Amino acid sequence: MKFFIDTADLDEIREAASWGVLSGVTTNPSLYAKTGGKLADFEPHMVKICQICEGLPVSAESTAATTEAMVEEGRRLAALAPNIVVKLPICEASLPATHQLASEGIRVNMTLVFSAPQALLAARAGARYISPFVGRFDDIGDEGLDHLAEVVTAVKNYTYGYWDEEGGPEIITASVRTPHHVTQAALMGADIATVPFGALKKCLKHPLTDQGLASFEADWKKVTQA
């Protein structure tokens, strides 16, 4: 499984990249707003992320509402850097936009996917990445991992004629909250987990690891004091 980081914070991206485990970045307007960013600085900020993650896919989300505007904004975003992926929400306007952008060799990450039929439509339209959400189902008392499993199985049953040489379309497990989400996504064969930095750090932790480290440190002190 590949790990993407779900953030627009440059420091978090730099630290995650330093771990050697980072395979990409996903952003959205909400994450950019959390950085205190302004509209005029959005595109330069995306370029900075692309420079930190040279050669890795960086999803920059369009805020356009019509097909024509999505295509126009998608072209502009894709021109910022060769590793930009245009992020579009699944809807009637975004399917023809995705089809057009894909025909031009522009990669699209279809987001806000909550069902297998949505994912199949995104794949057929030419999406390079498909982002089904997990945690938001959990928020309403549903089981997000069950829906993710349906998406993974359904999409992987077929080929679509786009991005075959790159192994696409790839499934990005989104709205990840816990290491359990990561584990189950990996077991069911999702290609990618895009994880907030806080949740990524949780994946490093285990109480038995902490106990073992404390035990090693205590025993080594005995050696040094002997």
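Heavy atoms only: backbone and side chains are in, while hydrogens, waters and symmetry mates are out. What you see is a predicted model; the values in this text were computed from it and never measured.
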*May I ask you to decide if the ring planes of Phe114 and Phe133 are parallel, tilted or perpendicular, using 30° and 60° as cut-offs?*
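Tilted, since the angle between the ring planes falls between 30° and 60°.
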_Parallel, tilted or perpendicular: ring planes of Tyr129 versus Phe4, cut at 30 and 60 degrees_ =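 Ring orientation of Tyr129 relative to Phe4: perpendicular.
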_Under a plain distance cut-off of 3.5 Å, with no hydrogens placed, do Asp9 and Thr35 share a side-chain donor-acceptor pair?_
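Looking only at side-chain atoms, Asp9 and Thr35 do not form any donor-acceptor pair under 3.5 Å.
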Donor-acceptor contact below 3.5 Å, side chain [X] vs main chain [Y]:
X      : Y      : answer
Asp142 : Gly144 : no
Thr153 : Ala149 : yes
Ser18  : Glu15  : yes
Gln118 : Ser115 : yes
Thr173 : Ala193 : no
Arg128 : Glu166 : yes
Thr224 : Lys221 : yes
Ser62  : Glu73  : no
Thr183 : Pro179 : yes
Thr194 : Ala174 : no

Working to the nearest 0.5 angstrom, can you tell me the gap between [X] [atom1] and [Y] [atom2]?
X      : Y      : atom1 : atom2 : result
Asp6   : Ile172 : CG    : CD1   : 9.5 Å
Ser59  : Arg107 : OG    : CZ    : 11.5 Å
Phe3   : Cys203 : CZ    : SG    : 5.5 Å
Thr178 : Gln184 : OG1   : CD    : 9.0 Å
Glu12  : Leu31  : CD    : CG    : 9.0 Å
Tyr32  : Met46  : OH    : CE    : 7.0 Å

*Go through the steps for His99 and Tyr162 under the test side chain to side chain contact (heavy atoms under 4.5 Å, CB included), then give the verdict.*
CA-CA 10 Å; His99 182 62; Tyr162 294 94; 2.9 Å; yes
Quick one, [X] and [Y] - any side-chain contact, counting heavy atoms below 4.5 Å?
X      : Y      : value
Gln100 : Arg75  : yes
Arg177 : Val195 : no
Glu61  : Thr111 : yes
Val85  : Val108 : no
Lys2   : Val21  : no
Glu143 : Asp138 : yes
Leu22  : Cys53  : yes
Ile192 : Ile171 : no

Verify the neighbour count for atom [atom1] of [X]: are there more than 12 heavy atoms of other residues, nucleotides or ligands below 6.0 Å?
X      : atom1 : answer
Lys156 : NZ    : yes
His45  : NE2   : yes
Glu104 : CD    : yes
Leu39  : CG    : no

If I compare all heavy atoms of [X] with all of [Y], which pair ends up nearest, and what's the gap?
X      : Y      : result
Ile5   : Ala16  : CD1-CB, 3.8 Å
Asn109 : Ser131 : OD1-OG, 2.8 Å
Leu121 : Leu95  : O-CD2, 3.8 Å
Pro169 : Asp191 : O-OD2, 4.3 Å
Ala60  : Leu77  : O-CD1, 3.7 Å
Ala102 : Gly126 : CB-O, 3.5 Å

_Salt-bridge present (Arg14, Asp11; N to O < 4.0 Å)_ =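 A salt bridge is present here (some side-chain N lies under 4.0 Å from a carboxylate O).
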_Do the side chains of Asp41 and Lys38 get close enough for a salt bridge, i.e. N-O under 4.0 angstrom?_
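Lys38 and Asp41: not salt-bridged.
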*Can you list the steps and then say if His181 with Leu145 is a side chain to side chain contact (heavy atoms under 4.5 Å, CB included)?*
CA-CA 7 Å; His181 285 159; Leu145 290 168; 4.2 Å; yes
